[in-house]
Amino acid sequence: MATEKTPFELAMKEVVLIKPSKPTPFSVLHLSSLDHIPDLNILCHTLHVYRSKVDDHDEPSCPNHQLLHPADVIKAALSKALVYYYPLAGRLVDHTDGKLVINCNAKGVPFLEANATCKLSSLRYWDGTDMETAKNLVYDLPSQDESGHQYPLVFKVTNFPCGGFTIGMGLLHSVCDGVGAFQFFKAIMEFARGKTEPSVKPVWERDRLTGSITKNPLQIDFLDEASAAVSPFLPTKVLMHQCIKVDSESIRRLKMSLMKESGENENFTTFESLAAYVWRSKCRALKMSYDGKVKLNITVGVRRHLQDPLPEGYYGNVVVDADVVLTMRELNERPLYEIVKLIKEIKKVSCNSDYVRNFMDTLETDLEIDTEFNIEGSGAFTTFTDWRHLDFENVDFGVKEIVNVLPMPSDMFGCVDLCIFSALGNFDSSMEGGIGIFVSLPAPALLTFKDEMEALSLFI
């Protein structure tokens, strides 16, 4: 948390609605089957941390370095970007067929500006050690308008006296996946740097990923209340949010150890290796009941595995779910390399074009596919998602240098069920090639989990 020597206070301005800078089509747009994956109807918040390239951390703040007011530049850039991404200026509504649609009414994106009292450097550029305070830098006001319709997009910009600033972007996962979010954010930054149009033009065309009714839906391994493992620490409303940093050397040693353990000359990816290790460590830390089942869910991007390639600029969801279900006893006692191989196998299956089509057909056949008893927050269910490929850290802002991008513990991140892998910010050169693992756990479990993660350094 922010120390006593570094008081952190924010002065808020009034919320304004940013509308497209030019007239845009008024229409109702349907979402794809993949956009209707259960649990995607949430705002996913990211925090983008920028410092002034000419600011010296150790010198007093210099107002002359603030050549342009960041919030004003971003407002103007956002308004221009919304001409191309006009659905994001509309509202998410329920259609008569029970599906979600976007009402493209150009009502605008809620934009909140705030001013902080301290320098970014005194807070270590939000390096992941103080997630609780960092929550104040994203839009935490109601995510619906006065009619109860959900905003697809919200923004918060916080100015710091050193010339640095943060952008908190909340984007509805039902409208786009991580690749789409990066594409949109990049467009905003291009306009902020003076471009007259985005380098990649957005494409809607959600009908390309709409399934058909099928008589043979995928057989999904659901957990029920009787079979799911339980934790003595859950349920609880009090969670600690943490970014656990794993350096590249620890990752290398883990992968080498798995290769030796398996006795085969088989390469395991960083994601497969860490996902298995983190899943086991998390369930151990939560003391999940041994004879109950635990479920690992992986969000798999399949853009490169479609029979009909999508056009450049498509920014909807192109992800499918892949699952591994084991008893806690199996997860704890089986060799780790066997868990890694299970993850490797389900990734391979989920990237098959036939599986993707069947997955879409299953979603289209049963919009209530998420009939699993409510295990959310029970610890029995863990979802892994990998943000390392999104390249947010290379989206610059002219005279401002980006130093960190991190998910915020609101909606998506902030529940015990989710783990996010992210590239570490370029502020800490000692962690080059390392990974930040964002988790939310009860305090006692978090202490044990951190011990498990520190044990990675013992791999030979």
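This chain uses plain numbering: 1 for the first residue, then up along the sequence. Only a predicted model underlies this, so the values are computations on that prediction, with no experimental measurement involved.
Across all their heavy atoms, Ile346 and Val324 have their closest contact at CD1-CG2, 3.4 Å. Heavy-atom minimum distance, Phe233 versus Leu286: CD1-O, 3.7 Å. Between Pro311 and Val203, the shortest heavy-atom contact is CG-CG1, 3.7 Å. Scanning both residues, Pro442 and Leu239, for their nearest heavy atoms gives N-CD2, 3.6 Å. Across Leu326 and Glu330, no two heavy atoms sit closer than the pair CA-OE1, 3.5 Å. What you find for Pro87 and Pro152 is that their closest heavy atoms are O-CG, 3.9 Å.
With hydrogens and angles disregarded, a donor-acceptor distance shorter than 3.5 Å links the side chain of Ser289 to the backbone of Val230. A donor-acceptor contact shorter than 3.5 Å links the side chain of Asp177 to the backbone of Val179. Listed for the Lys156 side chain is a donor-acceptor partner under 3.5 Å among the backbone atoms of Asn136. The main-chain N or O of Arg329 is never found under 3.5 Å from a side-chain atom of Arg334 such that the two would form a donor-acceptor pair. Counting only distance, with no hydrogens or angles, the side chain of Thr166 and the backbone of Val49 share no donor-acceptor pair below 3.5 Å. For Ser174 (side chain) and Asn41 (main-chain N/O), a donor-acceptor pair under 3.5 Å exists by modelled atom type.
With contacts defined as side-chain heavy-atom distances shorter than 4.5 Å, the pair Cys283/Met328 qualifies. Residues Leu100 and Asp35 form no side-chain contact, since every pair of their non-hydrogen atoms from C-beta on lies 4.5 Å or further apart. Side-chain atoms of Lys341 and Phe268, non-hydrogen and from C-beta on, do get closer than 4.5 Å to each other. Put simply, the side chain of Phe381 does not reach to within 4.5 Å of the side chain of Val416, judged on heavy atoms. Side-chain contact check for Thr327 versus Asp291: every heavy-atom pair is 4.5 Å or farther apart. The shortest distance between side-chain heavy atoms of Leu82 and Tyr84 does not fall below 4.5 Å. Ile251 places none of its side-chain heavy atoms less than 4.5 Å from the side chain of Leu254. Between Pro202 and Phe184 there is no side-chain heavy-atom pair separated by less than 4.5 Å.
No more than 12 heavy atoms of other residues, nucleotides or ligands shown are found within 6.0 angstrom of NZ on Lys293. Within 6.0 Å of CD in Glu312 there are 12 or fewer heavy atoms belonging to other residues, nucleotides or ligands. The environment of Lys347 atom NZ is dense: over 12 non-hydrogen atoms of other residues, nucleotides or ligands sit within 6.0 angstrom.
Here the OG-CZ distance, from Ser212 to Arg357, works out to 6.5 Å after rounding to the nearest 0.5 Å. Interatomic distance, NZ of Lys255 versus CG of Asn267, reported as 8.0 Å (0.5 Å rounding). Considering NE2 of His48 and CD1 of Ile188, their distance stands at 8.5 Å, rounded to 0.5 Å. Here the straight-line distance linking atom CG of Asp321 with atom CG of Leu34 works out to 9.5 Å at 0.5 Å rounding. Going from atom NE2 of His45 over to atom CG of Leu137 covers 12.5 Å, rounded to the nearest 0.5 Å. Here the CG-OG distance, from Asn358 to Ser350, works out to 12.5 Å after rounding to the nearest 0.5 Å.
A donor atom on one side chain and an acceptor atom on the other are found under 3.5 Å apart for Ser250 and Asp247. Side-chain atoms of Arg284 and Asn332 include a donor-acceptor pair closer than 3.5 Å. In this structure, a donor-acceptor pair under 3.5 Å is absent between the side chains of Ser353 and His305. Counted by atom type alone, Glu190 and Ser199 present one or more donor-acceptor pairs between their side chains at under 3.5 Å. A donor-acceptor contact closer than 3.5 angstrom links the side chains of Asn297 and Thr383. For the residue pair Thr210/Asp207, the side-chain donor-acceptor check at 3.5 Å is not satisfied. With 3.5 Å as the limit, one finds a donor-acceptor pair spanning the side chains of Thr382 and Lys282.
Taking the six-membered ring where tryptophan is involved, the planes of Tyr50 and Phe165 are essentially parallel, since the angle between them stays under 30° and well short of 60°.
Between Glu249 and Arg253 there is a salt bridge, with a side-chain nitrogen of the basic residue lying less than 4.0 Å from a carboxylate oxygen of the acidic one. In this structure, Arg208 pairs ionically with Glu205, as a charged nitrogen and a carboxylate oxygen lie closer than 4.0 Å.
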Open item on the list: Using salt bridge (Lys or Arg N to Asp or Glu O under 4.0 Å), reason through Lys295 and Asp323 one step at a time and then give a plain yes or no.
Closed with: CA-CA 7 Å; Lys295 184 173 185 176; Asp323 303 317; 3.8 Å; yes
Task: Candidate pair Asp224 and Ser227, rule side chain to side chain donor-acceptor pair (under 3.5 Å), full reasoning - done: CA-CA 5 Å; Asp224 57 39; Ser227 65; 2.8 Å; yes
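Taking the ring axis of Phe160 as reference, the NZ or CZ atom of Arg51 does not stay both within 45° of it and closer than 6.0 Å to the ring centre.
In this structure Cys176 satisfies the side chain to side chain contact (heavy atoms under 4.5 Å, CB included) test together with Leu171, Ala181, Tyr315, sequence neighbours excluded. Every side-chain hydrogen bond (donor to acceptor under 3.5 Å, both in side chains) that Tyr85 has, sequence neighbours left out, goes to Gln183.
Aromatic ring centroids of Phe421 and Phe384 lie under 6.0 Å apart.
The side-chain hydrogen bond (donor to acceptor under 3.5 Å, both in side chains) with Lys99 is formed by just one residue from the set His30, His36, Glu364; it is Glu364.
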